[in-house]
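Take a look at the structure below.
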2 protein chains.
Amino acid sequence: MIVRPLETVGANAERSRSHNRQVVLSRVRAAGQIGRAEIARSSGLSTQAVSNIIADLLSEDLIVECGRRAGVRGLPAVQYTLNPEGAHALGVEIRPDALFAAVLNLGGETLFSRRVALADTHPDHVTDAVLSLRDIALAENPDAHLLGAGMVMPGPFGATGIRESGSELSAWDDVEPARLFSDALNLPVVVENDANAAAMAERVNGAARGLDTYAFLYFGTGLGLGVVNEGRLVAGTHGNAGEIGHIPVPSDGAIVPLESAVSRLSVQRALGNTGVNVESGEDLAQLYAEEYPALSQWLDRTAEPLSAAVAIIENLFDPQAIILGGAMPDSLLDHMIAGVSLPDRSVATRPDRERPRLLRGASGRMTATLGAAALVINQAFTPMIAAR
Amino acid sequence: MIVRPLETVGANAERSRSHNRQVVLSRVRAAGQIGRAEIARSSGLSTQAVSNIIADLLSEDLIVECGRRAGVRGLPAVQYTLNPEGAHALGVEIRPDALFAAVLNLGGETLFSRRVALADTHPDHVTDAVLSLRDIALAENPDAHLLGAGMVMPGPFGATGIRESGSELSAWDDVEPARLFSDALNLPVVVENDANAAAMAERVNGAARGLDTYAFLYFGTGLGLGVVNEGRLVAGTHGNAGEIGHIPVPSDGAIVPLESAVSRLSVQRALGNTGVNVESGEDLAQLYAEEYPALSQWLDRTAEPLSAAVAIIENLFDPQAIILGGAMPDSLLDHMIAGVSLPDRSVATRPDRERPRLLRGASGRMTATLGAAALVINQAFTPMIAAR
DNA sequence: CTTGATAACTCAAGCATGTTGAGTTAATCG
DNA sequence: CGATTAACTCAACATGCTTGAGTTATCAAG
């Protein structure tokens with residue numbers, strides 16, 4: 001029950017059905033409400049096939065009937081919508097010092113979220129902690145029907161050049177986390193890094209609703225980028241794509257790694273130099289509200305490197321939008337977005353845009369955890385033959 | 001018969017078969033030679049299903065038997081390989097002043113390539129020219145069985161901020177090229193930009209053989225990037241992903257667009273300042289062999305911006321390799337590759353790498369044209385349910 | 001108010017394709 | 001040389017989609 005096997009797989013009747021169910025579900029989600037004939041037209045399936053699948057989905061409570069469409073000739077089409085409470089997903093974020101868990105429903109609404117401290121990051125101990133959080137979540141939501149679990153772990157995965165001793169969970173190097181948790185939870189498990197997960201959270205219930213090609217600039221400890229292309233994460237060879245914190249950008253006449261200028265750590269350092277210690281997002285929001293000079297200066301200095309990063313992302317990925325979010329107060333995110341100078345010479349400059357090029361996404365310390373669950377929700381809507 | 005409809009489509013028996021054929025073909029290509037049972041194991045299909053498909057492929061001459069596997073217990077497995085001459089693809093590159101065409105076989109070998117001058121870039125005229133080139137190609141290769149045609153056109157597509165008046169084919173703005181050529185040629189047609197097409201050429205028969213996640217830095221007029229993630233092109237919202245020429249990079253203390261420092265145009269300008277006019281790749285190769293100072297200096301100056309670009313690509317995409325190619329002589333490409341300083345702090349630095357991080361790809365003015373045909377060849381090996 | 005057009009939907013038969021399990025064949029191993 | 005192993009074939013079977021005829025509910029036109 002592990003995910004990422006990645007090899008494209010052959011189709012048979014059973015897998016076709018599973019694929020078609022997801023095609024139908026994704027149409028229902030995209031449309032909000034929709035009738036069978038319309039799904040059939042847009043999916044290339046016969047109305048009969050769609051009818052059969054709809055009957056299945058109804059009996060599993062994944063969708064519900066919601067009236068009939070009137071105003072046109074012919075038999076009024078019975079409309080269907082997602083039933084948000086029809087299925088749920090568990091999201092877990094593992095950090096060196098704490099464990100976060102959340103439960104989302106199909107509609108992307110948060111039903112549960114919790115933090116527990118983590119004394120020991122050894123895989124066995126983490127597994128126990130995850131199991132007990134799962135139990136608490138299920139005790140508080142007895143009707144939750146878990147489709148699977150998403151796990152967020154500190155990247156980059158495997159041994160790479162970006163190792164910083166101490167900052168990672170070294171005992172995990174020989175463990176295959178997906179298998180470990182899948183066996184422990186007895187659920188399908190997806191593992192992703194924080195930025196990718198957070199990007200998915202925006203798609204399931206956030207600024208990326210309705211988008212399928214976008215990038216999410218995630219403020220974590222450093223800075224990460226989650227890229228979604230045609231509804232699927234661009235993960236790279238080892239799942240380490242989007243390490244945007246390390247790219248060289250201009251800042252005040254020098255070339256620096258992006259996250260040394262634009263990140264939580266960077267603002268903490270800047271404020272620390274003035275003797276101010278920020279612990280939480282609230283502290284930052286407070287200082288921002290007070291127009292604390294060192295913070296304003298730091299924000300001003302993010303404009304240049306951030307603009308460069310935006311230019312890079314837009315030109316390399318041609319996304320529908322770039323979303324900023326994560327561990328940074330909304331007010332600061334908005335300020336940074338306002339400060340970005342969007343180059344006119346960019347593939348993103350088009351006369352027919354109907355959406356801003358930069359958006360603010362979900363922020364706060366649960367962002368990645370919610371994203372972990374969102375990975376599973378998104379999967380429920382992603383047709384599966386021929387790709388993960 | 002247009003490609004890029006993009007919406008995931010429902011599966012039925014017929015589409016499953018088509019998908020499975022491509023799964024089988026891709027396994028045969030990947031393995032070089034392989035038996036039915038092994039394909040079955042790796043694809044999740046039954047041996048019987050694979051046998052049936054193999055029988056089809058044999059009767060269509062797409063594969064051929066090539067002996068039996070010996071040395072193991074049990075009935076020796078009959079092995080199959082691709083028949084390179086089993087199918088062919090037409091590639092066409094449209095430039096403002098000329099039309100290039102090529103025919104590739106399934107093995108990626110070039111059977112035909114031709115250039116004709118283009119007096120008029122009006123769609124009707126271009127279509128006529130394409131048709132007559134197709135006729136010549138078929139006359140010289142009467143046994144060619146065309147699967148489809150790939151078209152390369154100057155990007156970016158649609159109206160964007162990167163328009164440079166005159167450099168584009170403005171009469172094309174209201175035309176849907178894929179439909180136009182599909183109707184004219186009566187073949188399935190794929191349209192891509194030059195960098196993306198060139199990237200595919202490397203995969204079909206070049207430096208990216210066996211890779212499925214890589215980036216191709218393409219020297220055209222400017223500089224483009226073709227990104228392949230899990231065997232599929234990352235095209236972006238409007239097919240304009242990979243416009244790497246416009247990203248800001250450091251060069252000699254300044255921040256410049258990458259292609260102002262690293263591109264064909266850039267080297268021409270640098271040499272032009274010394275009174276030398278380079279017309280062709282041969283001129284450049286010649287100057288390089290002569291160690292012409294202005295060229296050496298230009299090459300030295302590419303190292304810094306190119307290194308930045310490589311760092312950006314590696315950290316954003318986590319590819320198996322980055323390939324440099326296009327309109328630049330091999331000797332210059334090699335020199336540039338040697339000059340790139342690969343950061344140790346990168347997701348690409350891993351102990352278990354068995355491939356260089358930078359490779360030289362196909363170069364020359366036909367690169368993109370061959371890539372156009374390669375798009376079609378690649379498609380023949382790409383399972384199709386649930387994605388373009 | 002009737003009649004026809006239209007479109008969604010259902011039913012049942014038909015069909016393509018994959019699966020299963022019982023043989024068959026041809027190698028290696030002991 | 002017999003046992004074992006593994007690839008392969010055959011035929012019955014299962015699944016899930018399609019097709020085409022028939023039903024129902026609405027709108028539009030006379």
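Chain identifiers are assigned alphabetically (A, B, ...) following the order of the sequence lines, protein sequences preceding nucleic acid strands; residue numbering begins at 1 within each chain.
Residue A:Glu65 contributes atom CD, which lies 12 Å from atom C1' of C:dC9 at whole-angstrom precision. If you measure from atom CG of A:Asn52 to atom P of D:dT18, you get 10 Å, rounded to the nearest angstrom. The interatomic distance linking B:Arg36 (CZ) with C:dG18 (C1') rounds to 16 Å, in whole Å. Straight-line distance from the CD1 atom of A:Ile53 to the P atom of D:dG16: 10 Å, rounded to whole Å. Per the geometry, CD belonging to B:Gln79 stands 10 Å off P belonging to D:dA7, to the nearest Å. Separating the CD1 atom of A:Ile54 from the P atom of C:dA8 is a distance of 14 Å, rounded to the nearest angstrom. Remark: C1' of C:dA8 and CD of A:Gln33 are 16 Å apart, rounded to the nearest angstrom. Taking atom CG of residue B:Leu45 and atom C1' of nucleotide D:dA14, one finds them 16 Å apart after rounding to whole Å.
For C:dC9, neither phosphate oxygen OP1 nor OP2 lies less than 4.0 angstrom from any side-chain nitrogen or oxygen of A:Ser51. Between D:dC17 and A:Asn20, a contact under 4.0 Å exists linking OP1 or OP2 to a side-chain N or O.
B:Glu230 contributes atom CD, which lies 9.0 Å from atom OG1 of A:Thr237 (distance to the nearest 0.5 angstrom).
Applying the salt bridge (Lys or Arg N to Asp or Glu O under 4.0 Å) test to A:Arg17 and every residue at least two apart in sequence or in another chain returns A:Asp56. When the side chain to side chain donor-acceptor pair (under 3.5 Å) test is applied to A:Glu85, the partners found at least two apart in sequence or on another chain are A:His88, A:Asn105. In this view, A:Arg21 and A:Glu60 satisfy the salt bridge (Lys or Arg N to Asp or Glu O under 4.0 Å) rule, not counting sequence neighbours. Scored by the salt bridge (Lys or Arg N to Asp or Glu O under 4.0 Å) test, A:Asp61 finds no partners at all (sequence neighbours excluded).
For A:Arg68 (side chain) and A:Val78 (main-chain N/O), no donor-acceptor pair under 3.5 Å exists by modelled atom type. A donor-acceptor pair is defined here as one N or O able to donate and one able to accept, closer than 3.5 Å; no such pair exists between the side chain of B:Gln33 and the backbone of B:Thr81. A donor-acceptor contact shorter than 3.5 Å links the side chain of A:Tyr214 to the backbone of A:Ala199.
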**Prompt:** Reading nucleotides 20-30 of chain C 5' to 3', which nucleotides get B (base under 4.0 Å from a protein heavy atom), which S (sugar-phosphate only), which -?
**Reply:** B----BBBBB-
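Among the protein residues, B:Arg21 comes within range of no part of the nucleic acid, since none of its heavy atoms lies under 4.0 Å from any strand. Contact annotation for B:Arg69: no contact, since no heavy-atom pair falls under 4.0 Å across all strands.
Contacts with DNA chain C (heavy atom under 4.0 Å) in residues 11-18 of chain A: A:Ala11, A:Asn12, listed by number.
Shown here for B:Arg36 and B:Val50, the closest heavy-atom pair between the two residues is O-CG1, 3.7 Å.
Taking the nucleotide of DNA chain D with the nearest heavy atom to each of A:Val50 and B:Tyr80, the more 5' of the two is matched to B:Tyr80.
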